Structure formats: C-alpha cells, structure tokens
There are 2 protein chains.
Amino acid sequence: MSKPTIIDLAKAAGVSPTTISHAFSGRRPVDTETKERILKLAREIGYHPSSMARGLRSGRTGTIAIASSMPFSVAAGPSRLGFLMEIAASAAMSALTRNIALCLIPPLAPESNLASLGFDGVILVEPTSKDPLIAHFEARHTPIVSIGKVAGRTDIPAVDLRSHETARMMLDHLRDMGSRQVALIVGAADRTSQLETEAAYVAFCDEGGMSPRIVRLDEDGGEQAAQDATRDLLAASPHLDGLLVPVDAFASGALAAAHAAGRRVPQDLRLATRYDGLRAKLARPGLTAVDLGLAEVASLAVELLLARLDGTPANVMAPRPRLVVRRSSDPTAPAG
Amino acid sequence: MSKPTIIDLAKAAGVSPTTISHAFSGRRPVDTETKERILKLAREIGYHPSSMARGLRSGRTGTIAIASSMPFSVAAGPSRLGFLMEIAASAAMSALTRNIALCLIPPLAPESNLASLGFDGVILVEPTSKDPLIAHFEARHTPIVSIGKVAGRTDIPAVDLRSHETARMMLDHLRDMGSRQVALIVGAADRTSQLETEAAYVAFCDEGGMSPRIVRLDEDGGEQAAQDATRDLLAASPHLDGLLVPVDAFASGALAAAHAAGRRVPQDLRLATRYDGLRAKLARPGLTAVDLGLAEVASLAVELLLARLDGTPANVMAPRPRLVVRRSSDPTAPAG
DNA sequence: GGACTTTAGCAAAACGTTTTGCTAACCGGA
DNA sequence: TCCGGTTAGCAAAACGTTTTGCTAAAGTCC
C-alpha cells in the first residue's frame, strides 16, 4: 500500500476531494462534524498532503535556502562555520514553525547544480556587492534577502547588522580601556560590515587625532595570514596598543602574533573582535567580542524573506549589538 | 512574463514537450542537432524545469534532510554545533553534486510542523535507539539512514562510526603515555558511540587489571556539568591519571576542573576527547582528539541514503579514525 | 524489393493537489 | 408561497512535468 492520496481519503470519508482540501486549508467552510471525521480518518490511514502536488498548484515549493559565499577555507573551516551555522540553525527553526523547510547551500556550490533546485527564496549571508550568488538567483527570479546590507544594492531587502555601530562600540571600548593607537585588521572583500567598520574606524581616528592604520587581508588566508600580518604590523608599529580585528579567525591569529612578539594582552595591547563565537570564548585570554543576537537576526531574515514573497518587503534592523567584555581588552573582566 | 514552461520552450523550438523532456533527461535519444538547439533556446528564454512538476510525476522531491536529536543546549550550543554542522555542510555539498537539496531539521523541531514537509529521505546524526525522530519518519514511510549505528536496529542502514576502535585507540594512547588509572566520562543517552566506548573501556580495564570508573552525564548539562562531575571525581579518586571524555564539551569542562584541582595536564592527568573540533584545537593545552573524517562520513551518508532510495542499501564503514595527539596527553606534542 | 530494425518525434495519460463555478438543500421573512 | 441568502458539498479544470505507446521515415540485410 503506497501513500494514501486525497482521493483515497475522500473515498474513505465518503466526500469529494474538494471537501478534503477545504477541510485542511480552511479556505471554504466545512461542516464541523464532517471536518472532524476527515481529520480523524486522515490520521488513521496516515494521509499527508503531498507537498509537491500542492506546490505545483500554488507555485510555491515551501522551501527556502540559505547561502554564504565566503571562501571555503573561511566559511567551512572552523572559523566561519560557527557564524554561518549559528544563523542557519536559528533560521531553520524559524522557518519550520511556518511549515517551510530551510536548505543549506554550501559555499562554492557549483552554479550548474544549483540550477535545478527550486527555492521560493534565498537568504544570503553577508554577500559582497558583486557576489556571484546574487547574479545567479536574480537570473532565476528567485527572491533574495540578505543578512547585512549589500553595498550599492538598496533594492535587496536586508537585515541591517549595524556594523558601524558595532565597530564604534568596540573602538570606544578600546579607548576607554586605555588604547591610544589602534590599528584595524579587516577582510579585503567589500562586505558592508567591513566597509562600515572601516568608515567607523576612520572617523574614530579622526576624532582622536590618530593616524589610521588599516590592514586588509584576503579572507582565504585565515588564521595564519592574520598571524603573519600582525607580526609585521607590530614590528613596524611598536607603539600600537590596540587592535580591532572583526573576523574572529583573524583575531586568533593576531592574538598568537601578539604573544609571539612578547606583548602582554591586555596590558600592552588590547584586542577586540566581532563575532562572539567559540573562538572568542575559548581564546586565552578570552576575546572581547560583540553579541550580535544572531538567533534573532536569523528569525528576522526569515520573516523578511516571507514578507518579500508576499510582496511587502521592508528593511529591518538587527537587535542592538551588545559588547561582551573579556580579558583581551579588560584585565578586570571575569576569567573564562 | 512569468517563468517559461516546457510548453513555451516546445513552441519556441518547434518540437513537442516530449522531445524537450527527453533532451533534458536523456531517457530517449534525441537528434544531436535538435538537442543543442533546445538547450541553447532554453538558456536564452531562461527555462528551468519545475522541480515540483517533476517531483509530482516521479514521486521524488529532490530534497533530503539532516537532523540531530541532541538536546538543544548541546546540539545548538557551541559545543555540538560544530560536529553537526561540519557534517551538514559536507552533506550539503555532496547532495548538491547530485542535484539534491539538503534541508536542516533543527533540534527539537516540533513534530507537528515536520509533518507537512516532504523529504525523499533523512539522515539522522547519532540517534538514540528510542529516538522520537525515528518513530516520526518511520510513521511517514520516509527512508532513514543514520550516522552511527542505532542500537538494536540493524534494519536502519548506517555509516558505522567505528566507535569501539576509536575508543580503543584513545585508551591505548593514554596507556602508552603513562596513564595507569583511566576514568571514562560519557553522555547518558544510549547512542551507539557511547555504548561502544563503554564496552571498549571495560575491556581495556579488564586487560590492564584496572577497575573501571564510569561517569555518565546528562547531555543537557554541557560543559558546566562536566566540570562539576570531574571536580567530584578527582576529589574522590586522587589516583586517577587519565580521563577519556568523548564529548568535547564535557572535555572542556573536565580540563577546567583539572586545572582548578591543581592537576598538571598532561604530567599528572592525561586527557583525550573524540571530536577534533574547534574546542579540541583551541583548548590549552590542546586536546588530544580523533579525526573522524566527518567530511567523508557525510558523503557516505548521502550515498547510502541515495542507495536506499534505489532499494540497495548496504551498511558502510566510516574512514579509519586517526588520532590527533596534542599536549593534553603528550608533553612532546607540538604546541598549537 | 520486400522484411526488419533503428531513429526521431508526437499525443495523451498520468501524478495529487487547489480553485472556481455551480447545485441543491435549508432557513427566515414577507 | 415565493424570494433572497446562507450552507455544504461536488465536478472539472488547471499546475508542468514524465512516461508509454505509437507512427512515420530512413537505413540494413538478403
């Protein structure tokens, strides 16, 4: 006996398929007693409406996707995985409560294979402005929303990650803790979070009369690249006493370089990073970081996408970021 | 202009829909020249076959799911997230190369909402033998494969994680490094990996004339529970000089407790854990762990599920686990 | 130059829903 | 008794594919 269809159920209940459909969808009134009989019977024979047949009729697959185009070494390596997956897990929950399945599009998915899959919409995590995934889905008329605004693309609804505010919060904190010469180590891609961070940093330097020192690293390089760059930076600029390193993998590398160079953290050199993931928590000393409220960000992104599917998109703000102070910047912070 | 259908393309190419279908699927020969014309035209007008229509006809959704029933605090908290997500990311890649989408079923998904989603099959990550997810999908006739065998369920095709071998490898290593009294701290659920680890441990103790000392912890407790339990354990058994702690979150806690109790790791107390994730790498000292080859495990699971869908399931072995020795057990291991 | 086989393609019937009229029965009011 | 309105339900047409026979036309063999 294969899966029962709406016809089987209709026969069993002695009504027409139409009535079954209405009983489930509620789009037309059905006699209460009949409806209950139908639902009970459905449970008994194990009937579940076929998502494909429904989708074919309604034009929706009931499936959305989430993707990040980060380089694989950053995205799938341990460093970025946390960030992306923390979002994905929350988004999946959020979607599921609306009877929508969330698919994972792995980084570097060969475009050709994406083609045949049908998603109602897609969430892009911090795409760059020229991201191939944007082009891909736009060509396919798949609605996009992004987590983090896309530079120059105001037409893509986004959850604003407040990166300017986040950066400013960290910089002010470093200053309050005593740093007078802060450098910035950042990824080279033109993600909005990095652009806004740079802007906030330049403004910060301006106000404090510092000369800005920005190091841009290829995201592919990961921890090791950051360690090398930081070694050189510290050698060239011995007066540095603060380091803003938004990418957590880079922060790990910077911390290692600081140790190697004999700088005491946080006494000689204060460090802060953006994503408050496992890396920040487990580093010694723990890395001062920012709680971005990713669970809520993910929920907002799902809601935003659904709103977009219904034709009423409206940009939305991430929850206010919250500084998590640890020993990498504040010697009085609790250990652990 | 809405999405072009096979009919539009057929008209444009001056052939019947049948021919289009064959041109794409290759199930019947089509004149090479005609086929090329069709494919070219398809690209031009932006035709993509509808996955739903296809699915409706063929009975496949082209979507598989991956789920873990780990308690949320363990699964979605930073501790287990790495393990699950490392698998999920690889599985997604693997599925995508076969034109299949991988959906994420978040831990603790309310069953009611799972109901309406149609998956061709599902991969369960280390389910317990009485896992509600198993019951759920079996009731729905959704084919299941699991990563890690399911105790008492030889009918569920599984990727054998070789947990007995893995445990033995770690125990032998601890002995070789000088441990004479090794305790085991393990999760309380009846996952095969834990059962096999216990069995291996008991056999190991037997051979070496040790009296086994097993602490079973509720997986919900996370790092803190492990820290508390380890504190008590070390106080009660001061002669302990080795600790096998397969769950990496527990291992973090155990390490903290060891430090707090003034035990030097690895000189007084050697420690090993199973999953070689961020935790093991970042701990100080680094935790000796096992490279389980999760990327390959995930691929195997996808292949296994696909084989099961085609009716030819056959259990399969994970790649041979590989010990990653770090300072938590071997003082001569390289730092970092 | 027949009798086969191969090749290239078409028509039509599924697949399991949702949606859109439509009908028949019933109700209350005038 | 008739009329408008409500209620409960049905029949049939989509939705966009894949699949199964079928038909011509062309090639192959003796």
Side-chain angles (χ1 to χ4, degrees), chain A residues 1-39 41-42 45-63 99 115-120 140-141, chain B residues 1-39 41-42 45-63 99 115-120 140-142 309:
Chain A
M1 189 66 175
S2 60
K3 289 195 178 178
T5 78
I6 201 174
I7 309 261
D8 301 329
L9 182 54
K11 277 185 187 143
V15 298
S16 76
T18 309
T19 306
I20 307 280
S21 175
H22 290 329
F24 274 91
S25 72
R27 301 187 73 84
R28 288 248 190 120
V30 171
D31 185 76
T32 325
E33 194 183 320
T34 315
K35 187 191 287 193
E36 272 169 15
R37 185 160 44 92
I38 289 176
L39 295 181
L41 221 42
I45 70 174
Y47 167 77
H48 296 280
S50 139
S51 56
M52 280 164 305
R54 189 210 298 281
L56 178 56
R57 197 52 244 251
S58 63
R60 294 253 181 115
T61 62
T63 301
N99 276 337
S116 67
L117 273 24
F119 303 118
D120 289 340
R140 209 156 256 76
H141 301 285
Chain B
M1 191 68 175
S2 60
K3 292 196 175 177
T5 76
I6 201 173
I7 309 263
D8 301 328
L9 182 53
K11 277 185 187 143
V15 297
S16 76
T18 310
T19 306
I20 308 280
S21 175
H22 291 330
F24 274 90
S25 70
R27 300 187 74 84
R28 286 246 192 126
V30 171
D31 186 76
T32 326
E33 194 183 319
T34 315
K35 187 191 285 191
E36 270 168 18
R37 184 160 43 94
I38 290 177
L39 294 181
L41 221 42
I45 70 175
Y47 166 79
H48 297 280
S50 142
S51 57
M52 278 164 308
R54 189 210 298 279
L56 178 56
R57 194 55 243 254
S58 63
R60 293 259 180 106
T61 62
T63 301
N99 277 335
S116 67
L117 273 23
F119 303 117
D120 289 340
R140 206 158 260 75
H141 302 285
T142 304
L309 294 182

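This is a predicted model, so every value here is computed, not measured. Quick note on labels: first sequence line is chain A, next is B, and so on, each numbered from 1.
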Rounding to a whole Å, what distance do you find between [X]:[atom1] and [N]:[atom2]?
X	N	atom1	atom2	answer
B:Leu56	D:dG16	CG	C1'	9 Å
B:Met52	D:dA14	CE	P	18 Å
B:Ile7	D:dA14	CD1	P	12 Å
A:Ile6	D:dA12	CD1	P	16 Å
B:Arg60	D:dT19	CZ	C1'	16 Å
A:Asp8	C:dG16	CG	P	8 Å
B:Ile38	C:dC10	CD1	P	9 Å
A:His48	C:dC15	NE2	P	20 Å

Q.
Whether the side chain of B:Arg27 and the base of C:dG9 hold a donor-acceptor pair under 3.5 Å is what I'd like checked.
A. no

Q) Below 3.5 Å, does any donor atom in the side chain of B:Arg54 face an acceptor in the base of D:dG16, or the other way round? A) no

(Q) Quick one, B:Leu309 and B:Arg60 - any side-chain contact, counting heavy atoms below 4.5 Å? (A) yes

Q) Do B:Leu9 and B:Pro4 have side chains that get closer than 4.5 Å, going by heavy atoms? A) no

Mind checking if [X] touches a base, just sugar-phosphate, or nothing, with heavy atoms under 4.0 Å?
X	value
B:Thr34	sugar-phosphate
B:Thr5	sugar-phosphate
A:Tyr47	sugar-phosphate
A:Ser50	sugar-phosphate

Q) Looking only at atom types and distance, does a side-chain atom of B:Arg37 sit under 3.5 Å from a main-chain N or O of B:Ala13, one as donor and one as acceptor? A) yes

Q) If only atom types and distance count, is the side chain of A:Ser58 paired as donor or acceptor with the main-chain N or O of A:Arg54 below 3.5 Å? A) yes

Q: Using heavy atoms to find the nearest nucleotide of DNA chain C for B:His22 and A:Ser21 separately, return the residue whose nucleotide is more 5′.
A: B:His22

Q: Using heavy atoms to find the nearest nucleotide of DNA chain C for B:Arg37 and B:Ser58 separately, return the residue whose nucleotide is more 5′.
A: B:Arg37

Q | B:Thr34 side, atom OG1; B:His22 side, atom NE2 - distance, nearest 0.5 Å | A | 13.0 Å

Check whether any side-chain N or O of [X] sits under 4.0 Å from OP1 or OP2 of [N], and answer yes or no.
X	N	value
B:Thr19	C:dC10	yes
A:Arg57	D:dA14	no
A:Thr18	D:dG9	no

Q.
Using the side-chain heavy atoms of A:Ala53, tell me which of these nucleotides is nearest: D:dG9, C:dT17, D:dA8.
A. C:dT17

